[in-house]
Visitor: 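Quick one: structure below, then a few questions.
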Amino acid sequence: MNPILNTAFKAARKAGDMMIRASANLDAVKVDSKAFNDFVSDIDRQSESILLDTLFYSYPTHLVRSEEGGYFRASKTREGVTIEQVDAADVPAVPEYEWIIDPLDGTTNYLHGHPQYAISMALLHKGKLQEALVYAPERNDCYMASRGQGALRNDRRIRVSNRIELNRCLIGTGFPVVDQSMMDTYLAILKDFLAKTAGGRREGAAALDLCALACGRLDGFFEFNLKPWDIAAGALIVQEAGGIVTDMQGNESWLESGDVVAANPKVLAQMLQIIAPHIK
């Protein structure tokens, strides 16, 4: 494990331990609604604080973009490192080092006692994904990848599945429940997939869906309207496990658009063919 991923793992493990302790009394967790079907809890905020403190202690010159608080940077003072929020307008177009973190991917799952949730952390260098870590506290599963170095689950190398027949493939997905503008299109695509594959799964945490794809538990994945913190880490893990990640047109704008298709090369081509008639 390189020093950057070691720091990320320490941060995620500490945040995950906090989540496990808090899960013993979920009724005491304060929950707010950011939008329809989009929730944030005290646990999200506590996790964010733990991640920021740990990352900035080791890398005070890096920028951090988080789901809950937006952009953060650190400055050195006599008392140590001070963390402050940054207006998006003051962020460079391409920061030298930028972390994209989701302190709790799968908040709704967590609040219902469903163990499908994770901490997701990715580091970009000059706009290019370089390091990724996804940690699932309930299962003590850690997925990680460094560009050009492959992908690991709990220190063992992982690869995407080698299935090529779509009718044998299990496809992961996520419902567009927050922004439902694509719901009709999504349901039409889902109907086609269910008619032509071995089935679909929707677990409610995109980072873990992508990790399941990376280690061959799923053969493909697609979802609309995701955010960078939902997919940045998982996407690099998929790529380093031998998979391909694109947008719905097969292009590379998935991190900006939030529309994602991922699979091994043979399955991806077939998925894009199914999606194409539904996309204007």
Side-chain angles (χ1 to χ4, degrees), residues 1-22 42-88 90-105 117-137 140-155 207-208 210-211 227-237 239-240 255:
M1 191 185 304
N2 68 40
I4 291 175
L5 287 179
N6 188 51
T7 297
F9 178 70
K10 288 179 179 178
R13 186 66 177 266
K14 186 175 181 181
D17 289 346
M18 176 275 297
M19 291 176 188
I20 295 293
R21 292 193 301 271
D42 284 347
I43 306 304
D44 296 75
R45 298 186 180 100
Q46 289 179 48
S47 178
E48 178 182 77
S49 179
I50 291 169
L51 301 183
L52 291 174
D53 286 345
T54 307
L55 291 177
F56 281 131
Y57 180 82
S58 296
Y59 302 104
T61 62
H62 290 189
L63 184 74
V64 178
R65 182 174 16 160
S66 173
E67 176 181 9
E68 307 310 334
Y71 289 95
F72 293 89
R73 66 184 174 195
S75 57
K76 291 185 177 180
T77 66
R78 291 182 178 180
E79 292 75 24
V81 175
T82 300
I83 299 172
E84 59 182 0
Q85 286 184 287
V86 183
D87 191 284
D90 297 327
V91 173
V94 183
E96 183 173 10
Y97 287 101
E98 178 188 6
W99 290 89
I100 300 179
I101 65 173
D102 192 340
L104 176 49
D105 182 37
Y117 62 89
I119 297 148
S120 177
M121 309 172 71
L123 178 64
L124 287 75
H125 180 228
K126 296 182 179 179
K128 189 172 185 178
L129 283 164
Q130 295 294 331
E131 310 286 348
L133 182 141
V134 175
Y135 179 60
N140 197 26
D141 265 350
C142 184
Y143 303 85
M144 62 181 66
S146 298
R147 179 166 294 280
Q149 301 298 315
L152 304 173
R153 172 184 173 236
N154 299 335
D155 297 326
L208 287 178
L210 289 166
C211 289
K227 301 298 183 183
W229 44 81
D230 296 319
I231 51 178
L236 181 60
I237 292 169
Q239 291 170 338
E240 288 299 316
L255 192 60

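All residue numbers in this chain count up from 1 along the given sequence.
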Visitor: Is any side-chain N of the basic residue among K14 and D17 closer than 4.0 Å to the acidic one's carboxylate O?
Guide: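 No, no charged N to carboxylate O under 4.0 Å.
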Visitor: May I ask you to say whether E96 pairs ionically with K126, meaning some side-chain N is under 4.0 Å from a carboxylate O?
Guide: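 No salt bridge links E96 with K126.
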Visitor: Starting at CG of L152, measure out to OH of Y143 and round the result to the nearest 0.5 Å.
Guide: 12.0 Å
Visitor: Can any side-chain N or O of R147 pair as donor or acceptor with the backbone N or O of L129 at less than 3.5 Å?
Guide: yes
Visitor: When you check the gap from the basic side-chain N to the acidic O, do K227 and E67 get nearer than 4.0 Å?
Guide: no
Visitor: Would a distance-only check, ignoring hydrogens and angles, find a side-chain to backbone donor-acceptor pair under 3.5 Å from D102 to D230?
Guide: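 A pair under 3.5 Å: no.
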Visitor: List the steps, then state whether side-chain contact (heavy atoms from CB on, under 4.5 Å) holds for I100 with L124.
Guide: CA-CA 8 Å; I100 300 179; L124 287 75; 3.6 Å; yes
Visitor: Is there a donor-acceptor contact under 3.5 Å linking the side chains of N140 and Y135?
Guide: yes
Visitor: Under the side-chain contact (heavy atoms from CB on, under 4.5 Å) criterion, do H62 and L123 qualify, and how do the steps go?
Guide: CA-CA 9 Å; H62 290 189; L123 178 64; 4.1 Å; yes
Visitor: So does P103 get a backbone contact from the side chain of S47, meaning a donor-acceptor N/O pair under 3.5 Å?
Guide: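 Pair found, side chain donor or acceptor close to backbone of P103.
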Visitor: Could you grab the distance from atom CD1 of I231 to atom OG of S120, nearest 0.5 Å is fine?
Guide: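 Atom-to-atom, I231:CD1 and S120:OG are 9.5 Å apart.
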Visitor: Of the options L51, L55, L52, which is the one that meets W99 in a side chain to side chain contact (heavy atoms under 4.5 Å, CB included)?
Guide: L55
Visitor: Are the side chain of E98 and the backbone of H125 linked by a donor-acceptor contact shorter than 3.5 Å?
Guide: no
Visitor: Could you measure the distance from the OG atom of S49 to the CG atom of D44? Nearest 0.5 Å is fine.
Guide: 12.5 Å
Visitor: Does the side chain of E131 come under 3.5 Å of the side chain of N2 through a donor N or O and an acceptor N or O?
Guide: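 Checked: E131/N2 side chains pair up, N/O donor to acceptor below 3.5 Å.
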Visitor: Nearest 0.5 Å, what's the CZ-CD1 distance between F9 and I119?
Guide: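 If I round to the nearest 0.5 Å, the distance is 10.0 Å.
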Visitor: As a quick check of understanding, evaluate side-chain contact (heavy atoms from CB on, under 4.5 Å) for V64 and I101, giving each step before the final call.
Guide: CA-CA 7 Å; V64 178; I101 65 173; 3.8 Å; yes
Visitor: Do E240 side-chain atoms and G148 backbone N/O form a donor-acceptor pair below 3.5 Å?
Guide: yes
Visitor: Take a 6.0 Å sphere around CG of D155 and say whether it holds more than 12 heavy atoms from other residues, nucleotides or ligands.
Guide: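 Open.
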Visitor: With a 3.5 Å distance limit and no angle check, can you tell me whether N154 reaches the backbone of C142 through a side-chain donor-acceptor pair?
Guide: yes
Visitor: Decide yes or no on side-chain contact (heavy atoms from CB on, under 4.5 Å) for Y97 and L63, but give the supporting numbers first.
Guide: CA-CA 6 Å; Y97 287 101; L63 184 74; over 6 Å; no
